[in-house]
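By convention in this document, chain letters (A, B, ...) are assigned in the order of the sequence lines, proteins followed by strands, and residues within each chain are numbered from 1. Keep in mind that what you see is a predicted model, and the values were worked out from it rather than measured. Computation of the quantities below employed the complete heavy-atom set of this structure, encompassing side-chain atoms and omitting hydrogens, waters and symmetry-equivalent molecules.
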2 protein chains.
Amino acid sequence: MNDFNVLVVDDEKEIRDAIEIYLKNEGITVVQARDGIEALEKLDEQPIHLIVMDIMMPKLDGISTTFKIREQKNIPIIILSAKSEDTDKVLGLQIGADDYVTKPFNPLELIARVKSQLRRYITLGTYEGKRNFIDLNGLTLDKEAKEVAINGDSVKLTPIEYKIVELLMSYPGRVFSINDIYERVWKEPSYNAENTVAVHIRKIREKIEIDPKNPRYLKVVWGIGYKMEK
Amino acid sequence: MNDFNVLVVDDEKEIRDAIEIYLKNEGITVVQARDGIEALEKLDEQPIHLIVMDIMMPKLDGISTTFKIREQKNIPIIILSAKSEDTDKVLGLQIGADDYVTKPFNPLELIARVKSQLRRYITLGTYEGKRNFIDLNGLTLDKEAKEVAINGDSVKLTPIEYKIVELLMSYPGRVFSINDIYERVWKEPSYNAENTVAVHIRKIREKIEIDPKNPRYLKVVWGIGYKMEK
DNA sequence: AAAAATCTTAAGACTTTCTTAAGTTCCGCG
DNA sequence: CGCGGAACTTAAGAAAGTCTTAAGATTTTT
């Protein structure tokens, strides 16, 4: 269960954190949001493969949020709620949720359900909302095969190099600070990691650029970070 | 919700009939089976798009039956059980069930879950997203005969070897981490299984590759996993 | 009981990652 | 303009991690 991002939406920090700990343990990355509004923001910022969502929340509740998400994307949603009355379950499933877990819940059950849904997605081959193939002026990325090619010629990247390229290519033109890059690729807070990232950028340029000194694809934005040219 | 066949497996006639009435009302056709053995028979006789299965049954129980079915097909299975203990839920989901409903259940909830699963299938476009015969540059896989051949010459694989090959060949070009492979073939969380998988990969290469040291089909993607070349 | 299949261990080859340190470019300010 | 410092680039090698392979122990099947 690698490389999956799960968005956990709940107004209680303890619950979010608890779920995060369990999912991390399974190699799943967790992104947290406190309410529906925040959830929709996070959804725009990064690829999310599954959502665990509380129903009772301030601002925008779980049912409404599910509705809004369903208008755009087909990500699996697991509803989490204190209410255990049947009508709510039925409502949750009818509006397009894929599963339903009632509080208090056994963490193992939630994890099993999360994994069950994610497994289904692997089987399908594509996760919705995540494009599997990107082409930027001849530089191509195949997320399934984890393959990068330049004008059709496959480029051999190391795992870290690949992840950096995938991140940058997934959001063409968007600038990522060294810190952003570090945290998203290494999935841990960055500390003194400036050069580490820089070295990898160098290696990547060596492989994907015709003239690494005058990069055409992987550009620096002085004082801010790096980006992949659109 | 038309043209769907749902197999209801339970030893109590009243339950089977009750479910049938509700599902029929939704335009869904129901096929009944009294136990696991009968279920497997019905599965062979006609197209079934979803299974609702009790756990406690004579002859062949629900968990074992689910296991047997999963070896062959990828139909959605909803487990139905009197036990509501968490461990059973987790077990049910882990062995490959897609959902879990505890008795006594609200018929409306069961129907909602059935429809939710079926809806997913409609979305997918295919009932069974699995092709039965695959040919990748001369390496062929026949899922019905469980046979792998290279340029027509049948290759003798052990069960585990076969499952690994089937997994990889079913998604050509897609990279699977060792963990993914382990979890999907062994159907249990992987722990210290790195070498186990590696050894099987080795054996497979010995059998399907002309030059195992320079594999043409079963490739490694450094630091990430293995894949079958498209 | 023999044969086949699976798992474990471990060593060596190979690849990747990180660190350090030095070089270069860019930007603002006198 | 050109100087100084900050930001970025580059190189090289040590450390860490991954993959392959072999051999034998254990379990399962025949």
Side-chain angles (χ1 to χ4, degrees), chain A residues 2 27 146 148 154-166 168 175-228, chain B residues 71 146 148 155-166 168 175-209 211-227:
Chain A
N2 253 341
K146 311 270 181 217
V148 172
S154 167
V155 170
K156 204 188 157 216
L157 297 178
T158 69
I160 287 187
E161 287 163 11
Y162 173 82
K163 280 182 198 156
I164 293 173
V165 171
E166 178 175 311
L168 296 183
V175 183
F176 290 86
S177 75
I178 286 192
N179 246 277
D180 276 349
I181 295 174
Y182 192 86
E183 286 178 2
R184 290 187 150 198
V185 169
W186 276 259
K187 313 223 155 137
E188 55 182 72
S190 89
Y191 166 72
N192 246 6
E194 319 254 310
N195 267 21
T196 305
V197 173
V199 168
H200 287 293
I201 295 285
R202 164 91 217 312
K203 299 265 181 190
I204 292 167
R205 281 187 176 147
E206 228 167 46
K207 293 178 181 179
I208 68 171
E209 300 283 359
I210 295 153
D211 178 4
K213 306 211 176 195
N214 298 318
R216 185 184 156 197
Y217 298 111
L218 210 176
K219 300 252 171 120
V220 65
V221 178
W222 244 85
I224 303 188
Y226 297 91
K227 70 168 173 181
M228 206 54 96
Chain B
E71 282 171 14
K146 307 270 178 218
V148 173
V155 171
K156 204 189 159 213
L157 296 179
T158 69
I160 287 187
E161 286 164 8
Y162 174 81
K163 280 182 198 160
I164 293 173
V165 171
E166 176 175 311
L168 296 183
V175 182
F176 289 85
S177 74
I178 286 190
N179 247 277
D180 277 347
I181 294 174
Y182 192 87
E183 287 182 0
R184 299 177 65 127
V185 169
W186 277 259
K187 314 228 154 135
E188 56 182 71
S190 87
Y191 167 73
N192 245 6
E194 319 255 309
N195 268 18
T196 305
V197 173
V199 168
H200 288 291
I201 294 286
R202 165 96 214 312
K203 299 265 181 191
I204 292 168
R205 279 185 178 148
E206 233 166 43
K207 293 178 181 179
I208 68 172
E209 300 283 0
D211 178 4
K213 305 209 176 198
N214 298 318
R216 184 184 155 197
Y217 299 111
L218 210 176
K219 299 251 173 121
V220 66
V221 178
W222 238 88
I224 302 187
Y226 297 92
K227 69 171 171 181

Original post:
Just to confirm, is there a sub-4.0 Å distance from OP1 or OP2 of C:dC7 to any side-chain nitrogen or oxygen of B:W186?
Top reply: yes
Original post:
For the side chain of B:R205, counting heavy atoms from C-beta on, which of D:dT10, C:dT17, D:dT20 is nearest?
Top reply: D:dT20
Original post:
Taking the nucleotide of DNA chain C with the closest heavy atom to each, which residue, B:Y182 or B:W222, is nearer the 5' end?
Top reply: B:Y182
Original post:
With a non-hydrogen cut-off below 4.0 angstrom, is A:I201 in contact with a base, only sugar-phosphate, or nothing?
Top reply: nothing
Original post:
Quick one: B:I204 CD1 to C:dC7 C1', roughly how many Å, whole number?
Top reply: 15 Å
**OP:** Would you mind telling me which of B:I201, B:V199, B:N195 makes a side chain to side chain contact (heavy atoms under 4.5 Å, CB included) with B:V197?
**Re:** B:I201
**OP:** Assign B:Y226 to base, sugar-phosphate, or nothing according to its heavy-atom contacts below 4.0 angstrom with the strands shown.
**Re:** sugar-phosphate
**OP:** Decide, yes or no, whether a salt bridge links B:R216 with B:E209 under the criterion of side-chain N to carboxylate O below 4.0 Å.
**Re:** no
**OP:** To the nearest Å, give me how far apart NZ (B:K203) and P (D:dT20) are.
**Re:** 15 Å
Original post:
With sugar-phosphate meaning primed atoms plus P, OP1 and OP2, does A:V221 contact a base, only sugar-phosphate, or nothing at under 4.0 Å between heavy atoms?
Top reply: sugar-phosphate
Original post:
Taking only side-chain nitrogens and oxygens of B:T196, does any of them come within less than 4.0 Å of OP1 or OP2 of C:dT6?
Top reply: no
Original post:
Could you state the CG-P distance from A:N195 to C:dT24, rounded to the nearest angstrom?
Top reply: 16 Å
**OP:** Kindly determine whether B:K207 and B:E161 satisfy salt bridge (Lys or Arg N to Asp or Glu O under 4.0 Å), including the steps that lead there.
**Re:** CA-CA 10 Å; B:K207 293 178 181 179; B:E161 286 164 8; 2.7 Å; yes
Original post:
What is the distance from NZ of B:K213 to P of C:dC14, rounded to the nearest Å?
Top reply: 10 Å
Original post:
Within less than 4.0 Å of OP1 or OP2 of D:dC8, is there a side-chain N or O belonging to A:R202?
Top reply: no
**OP:** Round to the nearest Å and state the distance from B:E206 atom CD to C:dT6 atom P.
**Re:** 14 Å
Original post:
C:dT19, C:dT8, D:dC8: which one has an atom nearest the side-chain heavy atoms of B:V199?
Top reply: C:dT8
Original post:
Nearest-Å distance, NZ (A:K227) to C1' (D:dC8)?
Top reply: 16 Å
**OP:** Flag the pair A:Y226 / A:V221 as yes when at least one side-chain heavy-atom distance between them is below 4.5 Å, and no otherwise.
**Re:** no
Original post:
Hey, is the side chain of A:T158 poking within less than 4.0 Å of OP1 or OP2 on C:dT17, counting only N and O atoms?
Top reply: yes
Original post:
For A:H200 and C:dC18, is the shortest distance between a side-chain N/O and OP1 or OP2 below 4.0 Å?
Top reply: yes
**OP:** Could you check how far CD1 of B:I224 sits from C1' of C:dT15, rounded to whole Å?
**Re:** 13 Å
**OP:** Please state how far atom CD1 in A:I178 lies from atom P in C:dC18, giving the value in whole angstrom units.
**Re:** 14 Å
Original post:
Would you say a side-chain N or O of B:K156 is under 4.0 Å from OP1 or OP2 of C:dA5?
Top reply: yes
Subject >> Salt-bridge criterion met for A:K187 and A:E183 (N-O under 4.0 Å) >> reply: no
